[in-house]
Each structure stands twice: as C-alpha cells, then as structure tokens.
Amino acid sequence: MTHPQIEQMVQKADEFMAGYPTLCQYDRLRDLEKKTGQPKVYFFFAFVTFLSSVVYGLGGMKLVSDIFAFAYPAYMSFKAIDSADPTDDTQWLTYWVVFALFSIVENVMSILVTWIPFYYLIKCSFFAWLYHPKFMGAGLVYKQVVKPFVMPYLQVFEQSKPQKKEE
C-alpha cells in the first residue's frame with residue numbers, strides 16, 4: 001500500500017512520459033513494467049538519476065550548468081530556423097550573443113568564480129531567466145548591457161573599414 005500523493009506523482013510522471021514516448025522509451029519501459037511488476041516511472045527515474053550522476057561525476061556542476069544553458073536554447077534555435085516567424089530568430093540570436101559574452105567573461109574570471117558561493121546554481125537561474133519565454137531576459141540584457149558596450153566599437157570599426165575602389 002502506497003501513499004496517495006506518491007501514487008498521484010507516479011501518475012503525473014507516467015502521463016509526462018506518455019507525452020514523449022520516443023524520448024522516454026515508453027514502449028520499452030512498459031515491457032519492463034510487465035516483466036517486473038514495478039511501475040515504469042521507477043525505472044525512468046532510476047535512469048535519469050544514473051545519467052545525471054554520470055554527467056555530474058564527469059564534469060561537475062560546471063558541465064551540468066553548461067548543458068542546462070545550452071540544451072533547451074539549442075533545441076529552440078533549431079525550431080526557430082525552420083519557422084517562418086523572424087521574431088523567434090531574433091530572440092534566439094540575441095540569447096546566443098549574451099551566452100557567448102557570458103561564457104567569455106566566465107572563463108576570464110574563472111578565479112573569482114570559485115569564490116562565489118552557489119555560483120553554478122545562480123548561473124542556472126540566470127540562464128533560465130535569459131531563455132524562459134515569460135521573461136525573455138536575453139533581450140533585456142542585450143539592450144541594457146551588451147548593445148551600449150559593443151555598438152560604439154562596431155561603429156568605429158565600420159567607419160575605419162577601407163572603402164571599395166570604383167573602377
């Protein structure tokens with residue numbers, strides 16, 4: 001006999017897995033459930049825990065936070081490339097500009113990063129804010145921080161380019 005809240009959580013997880021049958025290998029987990037008599041959700045959580053432990057063991061929180069900042073935006077960027085709407089192209093291009101600038105600053109300041117408590121948790125929260133559709137933080141960071149800092153240099157660069165000779 002299990003607790004009703006646990007049963008409810010297992011049911012919700014099962015519904016989530018059924019929504020993404022290929023990603024979650026739903027058919028294989030259903031077969032495993034029939035063979036063992038254990039809910040397929042338990043096997044799914046065991047696999048996710050194992051995979052997370054391997055990723056964390058190989059690269060630590062740096063790798064986890066980098067994957068967190070890369071995976072969903074990369075997926076959405078691929079979808080944006082195939083869509084006809086230019087708005088999402090701009091959104092994800094802006095995200096990648098902010099991502100690149102942040103990555104460069106993070107690498108240069110790596111000594112200071114080690115002294116900031118909960119840095120990688122803060123980094124994950126920041127990137128979630130940057131790419132979450134409700135907040136669209138990348139656009140704000142670009143307009144308030146990146147553009148004022150970079151544009152004056154780009155204008156100087158554009159003016160100093162040699163002019164094409166007309167023949």
Side-chain angles (χ1 to χ4, degrees), residues 5 8-26 29 41 44-161:
Q5 288 181 333
Q8 186 181 16
M9 288 174 36
V10 167
Q11 181 63 31
K12 284 185 179 183
D14 191 61
E15 290 170 5
F16 171 80
M17 290 168 38
Y20 301 96
T22 306
L23 178 67
C24 298
Q25 297 293 309
Y26 195 76
L29 289 173
V41 172
F44 178 74
F45 283 140
F47 176 74
V48 168
T49 301
F50 173 74
L51 187 62
S52 300
S53 298
V54 168
V55 168
Y56 181 78
L58 290 175
M61 272 308 286
K62 169 114 174 83
L63 180 59
V64 171
S65 66
D66 287 346
I67 290 172
F68 182 81
F70 178 80
Y72 177 74
Y75 169 73
M76 292 305 291
S77 296
F78 286 125
K79 284 180 64 174
I81 290 169
D82 291 334
S83 77
D85 184 19
T87 306
D88 56 1
D89 296 350
T90 304
Q91 173 194 349
W92 292 111
L93 185 58
T94 303
Y95 173 82
W96 289 115
V97 168
V98 174
F99 176 87
L101 184 64
F102 184 90
S103 296
I104 291 168
V105 170
E106 181 185 31
N107 282 327
V108 169
M109 306 300 261
S110 62
I111 294 292
L112 296 176
V113 165
T114 59
W115 289 92
I116 300 173
F118 303 109
Y119 171 74
Y120 293 109
L121 181 63
I122 295 167
K123 177 183 172 183
C124 287
S125 300
F126 175 68
F127 276 105
W129 176 76
L130 284 178
Y131 65 65
H132 193 281
K134 182 178 178 182
F135 304 111
M136 303 277 220
L140 181 68
V141 170
Y142 177 77
K143 289 176 189 167
Q144 299 292 321
V145 179
V146 177
K147 190 174 181 180
F149 177 72
V150 174
M151 288 309 281
Y153 295 106
L154 288 179
Q155 290 171 348
V156 168
F157 177 73
E158 288 291 323
Q159 292 172 356
S160 66
K161 268 194 336 190

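As a basis for the values below, the full set of heavy atoms in this structure was taken, side chains included, without hydrogen atoms, waters or symmetry mates. If you read the sequence from its start, that first residue is 1, and numbering goes on from there.
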Legend entry - Donor-acceptor pair between Y153 and E158 side chains, under 3.5 angstrom: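 Per modelled atom types, Y153 and E158 side chains form no pair under 3.5 Å.
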Inset, instruction - Verify the distance criterion only: is there a donor paired with an acceptor across the side chains of T87 and D85 at less than 3.5 Å? - result: yes
Inset, instruction - Look at the rings of W92 and Y95 and say which category their plane angle falls in: under 30° parallel, 30 to 60° tilted, over 60° perpendicular. - result: perpendicular
Legend entry - Given L140, V141, T94, the one that forms side chain to side chain contact (heavy atoms under 4.5 Å, CB included) with L130: V141
Legend entry - pair D66-K123: side-chain heavy atoms closer than 4.5 Å: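 Side chain of D66 against side chain of K123, heavy atoms only: contact under 4.5 Å found.
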Inset, instruction - Would you indicate whether the side-chain heavy atoms of F149 and L101 approach each other to under 4.5 Å? - result: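 Of all side-chain heavy-atom pairs linking F149 with L101, none is under 4.5 Å.
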Quick check on the 6.0 Å ring-centre criterion: do [X] and [Y] meet it?
X   : Y    : answer
Y72 : Y131 : yes
Y26 : F44  : no
F70 : W96  : yes

Interatomic spacing from [atom1] in [X] to [atom2] in [Y] - rounded to 0.5 Å:
X    : Y    : atom1 : atom2 : value
F50  : S52  : CZ    : OG    : 10.5 Å
Y56  : I67  : OH    : CD1   : 13.5 Å
I81  : M76  : CD1   : CE    : 12.0 Å
Y120 : S125 : OH    : OG    : 14.5 Å
F16  : Q11  : CZ    : CD    : 14.5 Å
M9   : Q5   : CE    : CD    : 8.5 Å

Legend entry - Electrostatic pair D88-K79, nearest N-O below 4.0 angstrom: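 Here D88 does not pair with K79 in a salt bridge, since their nearest N and O are not under 4.0 Å apart.
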Legend entry - Main-chain N/O of S103 paired to N107 side chain as donor or acceptor, under 3.5 Å: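 Yes, the answer is positive, given that a donor and an acceptor are paired below the 3.5 Å cut-off.
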Give me the atom names and distance for the closest heavy-atom approach of [X] to [Y].
X    : Y    : value
V10  : V41  : O-CG2, 3.5 Å
E106 : V113 : O-CG2, 4.2 Å
D89  : S83  : OD1-OG, 4.4 Å

Inset, instruction - Applying ring-ring contact (aromatic ring centres under 6.0 Å, His included), name anything that partners Y142, two or more places apart in sequence or on another chain. - result: none
Legend entry - Residues, nucleotides or ligands: over 12 heavy atoms within 6.0 Å of K147 NZ: no
Legend entry - Residues, nucleotides or ligands: over 12 heavy atoms within 6.0 Å of I111 CD1: no
Inset, instruction - Evaluate the side-chain contact (heavy atoms from CB on, under 4.5 Å) criterion for residues F126 and W129: first the C-alpha distance (whole Å), next the side-chain angles of each, then the deciding distance (0.1 Å), finally the verdict. - result: CA-CA 5 Å; F126 175 68; W129 176 76; 4.0 Å; yes
